[in-house]
Amino acid sequence: MGPPGVGKGTQAEQMQQQLGVPHVSTGNILRAAMGDVGSPLGEKVRRFVESGGLVPDALMGDLIAERLERNDAKAGFILDGFPRTLEQVSILEDVLSRLGLAVDRVLMLVVPDAEIVRRLSGRRTCGSCGAVFHLESRPPVVPGVCDVCGEALVQRPDDNEAVIRNRLKVYTDQTLPVADAYRAKGVLVEIDGSGEVEDVRARLNAGLGRVVGRS
Ligand code: AP5
């Protein structure tokens with residue numbers, strides 16, 4: 001977990017290769033639904049995502065249950081962007097207990113607000129495969145073109161200033177209490193998300209072996 005633009009998706013994409021478990025991003029699931037033009041789910045979630053608000057908990061619960069019950073998640077998974085409310089913490093507990101699992105680590109990335117604005121304003125995403133770039137810190141080889149699939153790079157509609165402000169407020173109001181809940185359970189590890197992507201990854205790897213509140 002961590003605020004918008006802190007680097008959750010960038011790191012989770014790399015960790016899935018390293019750990020051999022899928023990266024389950026609720027943001028990516030919702031964007032895929034929105035990309036499926038005319039789909040009832042896409043139309044239902046669009047206004048929430050494009051305004052920077054949260055999609056209702058019950059709908060997110062159904063989506064996450066369906067995703068975590070698939071075969072490729074049997075050996076574990078990296079959740080990115082869920083849970084984001086205290087109600088979603090309970091939903092996740094229910095889904096995991098049905099699967100005989102429990103959350104064993106919550107890694108929370110933290111960077112100063114100015115760096116968040118820099119990362120989000122320079123982010124460019126592939127409209128086709130979803131690969132993520134940054135104009136300065138992770139530029140594509142050919143400007144405006146995805147290194148992975150050759151399609152055009154675009155700016156996410158929720159990466160404009162007004163929506164970013166709302167996403168940060170929603171994070172503070174609704175998602176920071178989730179961090180407090182996991183801190184109280186002794187599974188939260190706070191990680192400094194500043195610096196090079198590789199340096200952050202090394203801190204995350206160290207965090208996987210260290211849980212605050214336990215030896
Ligand atoms: P989501 O897609 O999850 O958005 P988010 O949490 O706001 O996070 P981002 O994807 O913006 O950022 P990130 O932390 O993944 O950063 P990234 O790696 O791209 O959710 C979108 C929306 O969907 C929500 O607003 C909500 O409406 C809805 N939603 C999703 N989940 C929901 C839920 N559970 N309940 C209800 N609604 C939900 O990095 C950002 C940029 O920085 C990139 O350009 C990257 O290249 C660059 N970068 C990364 N690391 C570094 C580094 N170390 N140094 C320099 N640049 C870096």
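On a predicted model such as this, the values are computed, not experimentally measured, just so you know. Just so you know, ligand 1 is whichever comes first in the structure, and atom 1 is the first atom listed for that ligand.
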Please say whether [X] places an N or O atom under 3.5 Å from an N or O atom belonging to ligand 1.
{"X": "Val55", "answer": "yes"}
{"X": "Gly2", "answer": "no"}
{"X": "Val6", "answer": "yes"}
{"X": "Gly9", "answer": "yes"}
{"X": "Ser137", "answer": "yes"}
{"X": "Asp80", "answer": "no"}
{"X": "Gly53", "answer": "yes"}
{"X": "Gly195", "answer": "yes"}
{"X": "Glu115", "answer": "no"}
{"X": "Gln88", "answer": "yes"}

So which bit of [X] gets within less than 4.0 Å of ligand 1, heavy atoms only: side chain, backbone, both or neither?
{"X": "Arg124", "result": "neither"}
{"X": "Leu30", "result": "side chain"}
{"X": "Phe133", "result": "backbone"}
{"X": "Val132", "result": "side chain"}
{"X": "Arg118", "result": "side chain"}

Where [X] and [Y] come nearest, the two heavy atoms and their spacing:
{"X": "Asp158", "Y": "Ile164", "answer": "O-CG1, 3.9 Å"}
{"X": "Pro4", "Y": "Leu168", "answer": "CD-CD2, 3.9 Å"}
{"X": "Glu50", "Y": "Pro157", "answer": "OE2-CG, 4.0 Å"}

Considering only protein heavy atoms, which is closest to [atom], and at what distance to one decimal place?
{"atom": "atom 42 (O) of ligand 1", "result": "Arg119 CB, 3.2 Å"}
{"atom": "atom 40 (C) of ligand 1", "result": "Gly5 O, 3.6 Å"}
{"atom": "atom 45 (C) of ligand 1", "result": "Thr10 OG1, 3.7 Å"}
{"atom": "atom 13 (P) of ligand 1", "result": "Lys8 N, 3.5 Å"}
{"atom": "atom 19 (O) of ligand 1", "result": "Arg123 NH1, 2.6 Å"}
{"atom": "atom 46 (O) of ligand 1", "result": "His134 CB, 3.6 Å"}
{"atom": "atom 34 (N) of ligand 1", "result": "Gly81 O, 2.8 Å"}
{"atom": "atom 32 (C) of ligand 1", "result": "Arg84 CD, 3.3 Å"}

Could you check whether any heavy atom of Gln11 sits closer than 4.0 Å to an atom of ligand 1, since that is the contact criterion I want to use?
no
Would you mind listing which atoms of ligand 1 come within a distance below 4.0 Å of any non-hydrogen atom of [X]?
{"X": "Arg31", "answer": "2 (O), 21 (C)"}
{"X": "Val197", "answer": "50 (N), 51 (C), 52 (C), 53 (N)"}
{"X": "Glu196", "answer": "53 (N)"}
{"X": "Thr26", "answer": "30 (C), 31 (N), 32 (C), 34 (N)"}

Rounded to the nearest 0.5 Å, what separates atom [atom1] in [X] from atom [atom2] in [Y]?
{"X": "Met108", "Y": "Tyr182", "atom1": "CE", "atom2": "OH", "value": "13.0 Å"}
{"X": "Thr26", "Y": "Leu54", "atom1": "OG1", "atom2": "CG", "value": "9.5 Å"}
{"X": "Leu107", "Y": "Met15", "atom1": "CG", "atom2": "CE", "value": "5.5 Å"}

Is Leu99 reachable from Met60 through a run of hydrophobic residues whose side-chain heavy atoms are each under 4.5 Å from the next?
yes
Considering residues, nucleotides and ligands other than Lys169, do more than 12 of their heavy atoms fall under 6.0 Å from its NZ?
no
Heavy-atom count around Glu161 CD within 6.0 Å, excluding the residue itself: above 12?
no
Check whether any side-chain N or O of Asp147 sits under 3.5 Å from a backbone N or O of Val141 as a donor-acceptor pair, and report yes or no.
yes
Using atom types as modelled and distance alone, determine if a side-chain donor or acceptor of Lys8 lies under 3.5 Å from a backbone N or O of Gly81.
no
Is there a side-chain contact between Phe48 and Leu59 in this structure, where contact means two heavy atoms from C-beta onward sitting under 4.5 Å apart?
no
Using the salt bridge (Lys or Arg N to Asp or Glu O under 4.0 Å) rule, take Arg119 and Asp159 through it: C-alpha gap first, then chi angles, then the decisive distance, then the call.
CA-CA 10 Å; Arg119 289 186 185 181; Asp159 277 352; over 6 Å; no
Determine whether Asp72 and Arg70 satisfy the following criterion, salt bridge (Lys or Arg N to Asp or Glu O under 4.0 Å), listing intermediate values before the conclusion.
CA-CA 6 Å; Asp72 69 339; Arg70 287 195 215 157; 5.8 Å; no
For residues 16-30, which residue pairs qualify under salt bridge (charged side-chain N to carboxylate O under 4.0 Å, His left out), counting only residues two or more places apart or in two chains?
none
With sequence neighbours excluded, residues passing salt bridge (Lys or Arg N to Asp or Glu O under 4.0 Å) with Glu69:
Arg98
